Structures are given as C-alpha cells and as structure tokens.
Amino acid sequence: MPLDRDTFDLLLGTVGRFVRERLIPREAEVAEKNAIPADILADMRELGLYGLSIPEALGGLQLNMEEEVRVVFELGQASPAFRSAVGTNVGIGSQAIVLAGTEKQKQEYLPRLASGELVGSFALSEPEAGSDAMAIKTTARRDGEHYLIDGTKRYITNAPISGLFTVMARTDNSRRADSISCFLVEAGTPGLSLGKPDKKMGQAGALTCDVIFDNCRVPTGALLGGQEGNGFRTAMRVLDKGRLHIAALCVGIAERLIGESVRYAAERKQFGQPIANFQLVQAMIADSQTDTIAARAMVLEAARKRDRGENVTLEAACSKLFASEMVGRVADRAVQIFGGAGYMAEYPIERFYRDVRLFRIFEGTSQIQQLVIARETMKLHGFAAAGNSEDK
Ligand SMILES: Cc1cc2nc3c(=O)[nH]c(=O)nc-3n(C[C@H](O)[C@H](O)[C@H](O)COP(=O)(O)OP(=O)(O)OC[C@H]3O[C@@H](n4cnc5c(N)ncnc54)[C@H](O)[C@@H]3O)c2cc1C
C-alpha cells in the first residue's frame, strides 16, 4: 500500500528538517573527509531513505514517482554527496531487480537494499563503452550451472561500499539489445575486485571506482529474471526513471543556490547599499528562479505521467537535459552574485559549482539526451531517426 497523503506530508516535512538540521551543517566535513559520517548514514537508514522506491511488502516506502521527486527536491537542498549515498539503492542499484527480478531475487535483495544494510551499484559503463552502451565488452559465458564473467566496469557509483552489483554483460557477440544480459553479483565473489577510488572534480563523499571481473563465477540464479537477453532493455528502463530522479535533484540544488544567493545579496553591501538592490543582480536572481520553476514543473509533469503508467522516455530525457543544464546556469550565476567569495572554497557556492557539473555527464550526457529527444519526437511524427536507436 502506498503512503497516504498525511503520512507522505509527514515524511516530506521530516526529510526537509533532516536536511536543514543534520545534513547542511555537516557539508564541509563531508567535503574535507571525502566520506559521509557513519551517524548520518545511520539516520538515513532510520528515515527509510534507502528504500524510497522499493515495494512496501519488501521493506521499502513504495513512493510513486511524483512522491519520489518531491523527496528529492528536499534532499537536493544539501550537498549532493548525501543523496548519492542513498541514490543507487533508490534508483539504478535496485530498480532492475524491482522491474525484472525473479520473486526469489526480489526477496533476497530488496529488503536489504531498502533498509540500507546492503548498498547496490549499477555497472554498465566501461573504458570503451560510455554513451555507446551497446559497445560493452564484458562477457558472461555459460559454464554448466554457472556463468563466468570477464571485463572491466568504469566510474561505478558507490562501488567501493557496494554489497551488490547489477552488472550488464554480453551473452552473445552480435550488436543487438538482446545480446546483453544482466547479472546480480555480490561483493566478495571470487574474481570480482575493485580499482582505486577515483579522484573527482566534485561531489567529494560520493565514491566511484572501477569494478573488475576476472573469471568471476556466479550461479545461473544470478541472471536477472532468469532470462538471457533482457539486460539492455532493463538498463534503459532503469535509466528512464533515474533521469527523472537526477532532474529532481538538479531542481533541489538550484533552489538551495537561489536561497544562498538571495541571502548573500541582501547582506553584501557595495556603493553604500545591499547588492540585492541592483537590478542587474536582480536579473540574475530572476533568471535562476524562472529556470528552476520551469524545471520543477517539467519534472513533476513527467513524474505524474509515469505514475499513470505511460511511457516517459521523451519526457525523462527532456527533464534531465533541461534540469542539468539549468542547474549549471544557476550555479554559474550564484558564483557571479557572490563575486570573489563565490570563487573561494570557504563558501558552499564554489563546491556546488563543481558538484553540479556531473549532472550533464552521467546517466546519459546532454548530447545523448538530445539524441533520445530527437528520436522520440521524430517517432511521434511518424519518422524513424537513423543511427541512434540504442542511445543510453
Ligand atoms: C561521477 C560519475 C559516476 C558515474 N556512475 C556510473 C554508474 O554508477 N554506473 C555506470 O554504469 N556508469 C557510471 N558513470 C559513467 C557515465 O554514465 C558515463 O561517463 C557517461 O555515460 C558518458 O560516457 P563517457 O564518459 O564514456 O563519455 P563518452 O561517451 O566518451 O562521451 C564523450 C563526449 O562525446 C559525446 N558523444 C558521445 N557519443 C555521441 C553521439 N552519438 N553524438 C553526440 N555526442 C556524442 C558525449 O556527449 C560527450 O560529450 C559515472 C560517471 C561519472 C563521471
């Protein structure tokens, strides 16, 4: 049973308070230590944040998409590394199992992902397969009652702390969607190892690294849904949902940045008055607010459409493209409003400016969203676009 309205409003209020009282005050510490403090992770588990999108019968809160994006608007008010800690369990690290797992796989993993006991990762990208996801080289070869997995996955979020990897691997050599299958591989399986944590531009506290499979033997029961060939399609469905989640995160961050900008503009005096009085500064605030409201409306509309059971490939790509580009503009204006202080690490603006750059790159770059949008739009008008039917 999904949450009733009052319970959901209560949850939203609690998350908002948690963000303001517990997360924002710890942002600098997270950035410095490149880790989320254990007490914060425990609080996040307690609040149910790991299980937002997992069915209630399996221990989650079973939020619909509109509810999930509204929670993410709140979470986005704090440094995105906090969201990343729960983000894979809510999104790409659990949804393949929700969408396509067998009953046994759901029972085995979803309750532990929902509680946060287990962290899930989604391993699709490779050194030579980013935007071109169909180019993956990782293979899974059947060997009796097992599969042997070989290959390297790159930039995998939460891999250093992950207990379960959703891994896309090739079970056939041809370049077709049904050549790719999906496997659930537990950390500690012999033949699975991790690279060194990546050094990133931003989002300190959110971890990524390579995941290496060398003759990694998994039982046939690890094949998602018990069926070969559904991995690529499942990955694309997971990414559709993930794009809305990321777009909502961008909206939340933009709202935070506008709040910071207005506060600073009201306090900072030049020419004998607060810079907020200057219309050229007001124009930047107005542009950021307009951008943010537009993205928020777009995300909510797409989320409601998804909740009605309609296909949102087009709307999810539009939302992700617009919101991730939008938060880049908002962060840039925030630096401008802060002036020299915006360039200094002492203020959170400099950190957010670096943090938000990622949103135009992962879960499909802006260019890939444009290709998806063009393809879907041309389809709507009866044309089939050539050459980009497999875009991430
Ligand atoms: C911090 C971080 C976390 C990540 N987490 C995960 C994760 O958890 N799981 C996972 O599987 N992956 C993850 N990724 C990988 C991410 O999804 C890829 O980096 C992304 O899809 C882009 O792939 P690429 O880096 O290989 O860039 P490329 O695909 O090499 O793209 C380089 C440039 O070429 C452009 N380009 C490529 N193809 C086209 C085209 N056909 N038309 C026009 N332009 C094109 C791109 O838009 C981009 O501008 C993560 C990446 C980062 C940085």
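Being a predicted model, the structure only gives us computed values, none of them experimental. Atoms within each ligand, like the ligands themselves, are counted from 1 in listed order. Quick note: numbers below take in every heavy atom, side chains included, and nothing from hydrogens, waters or symmetry partners.
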Salt-bridge test for Arg256 and Glu260: reply yes if a basic N is under 4.0 Å from a carboxylate O, no otherwise. yes
When you look at CZ of Arg5, are more than 12 heavy atoms from neighbouring residues, nucleotides or ligands closer to it than 6.0 Å? no
Do Ser179 and Ser174 have a side chain donor and acceptor closer than 3.5 Å? yes
Asp240 and Thr313: side-chain donor and acceptor closer than 3.5 Å? yes
Whether the Gln203 and Ser84 side chains hold a donor-acceptor pair (N or O, under 3.5 Å, no angle test) is what I'd like checked. no
Backbone, side chain, both or neither: what part of Glu363 comes under 4.0 angstrom of ligand 1, heavy atoms only? backbone
Flag if over 12 foreign heavy atoms under 6.0 Å of CD, Glu32: no
Below a 4.0 angstrom heavy-atom separation, can you tell me which part of Thr157, side chain or backbone, both or neither, approaches ligand 1? both
Between Ser131 and Gln367: side-chain donor-acceptor atoms closer than 3.5 Å: no
Measure Asp132 to ligand 1 on non-hydrogen atoms and call it side chain, backbone, both or neither using the 4.0 Å cut-off. neither
Determine whether the side chain, the backbone, both or neither of Leu371 has a heavy atom under 4.0 Å from any heavy atom of ligand 1. side chain
Would you mind running through ligand 1 and noting each atom that sits below 4.0 Å from a heavy atom of Thr208? 1 (C), 3 (C)
Taking distance alone, with no angle check, do Ile156 and ligand 1 share an N/O pair under 3.5 Å? no
With heavy atoms and a 4.0 Å threshold, my read on which part of Thr365 contacts ligand 1 is side chain
With Gln107, which of Gln105, Glu103, Lys104 fulfils side chain to side chain donor-acceptor pair (under 3.5 Å)? Glu103
Taking atom 37 (C) of ligand 1 as the point of reference, which of Ala133, Pro127, Ser131 owns the nearest heavy atom? Ser131
Using distance alone, decide if ligand 1 has a nitrogen or oxygen within less than 3.5 Å of any nitrogen or oxygen in Phe362. no
If you measure every N or O of Gln367 against every N or O of ligand 1, does any of those distances drop under 3.5 Å? yes
Given Leu239, Leu358, Val211, which has its nearest heavy atom closest to atom 53 (C) of ligand 1? Leu358
Judged by modelled atom types alone, do Asp198 and Thr208 share a side-chain donor-acceptor pair under 3.5 Å? yes
For ligand 1, which is the ligand I care about here, please tell me if Tyr155 has any N or O atom under 3.5 Å from one of the ligand's N or O atoms. yes
What atoms of ligand 1 come closer than 4.0 angstrom to any heavy atom of Phe122? 7 (C), 8 (O), 9 (N), 10 (C), 11 (O)
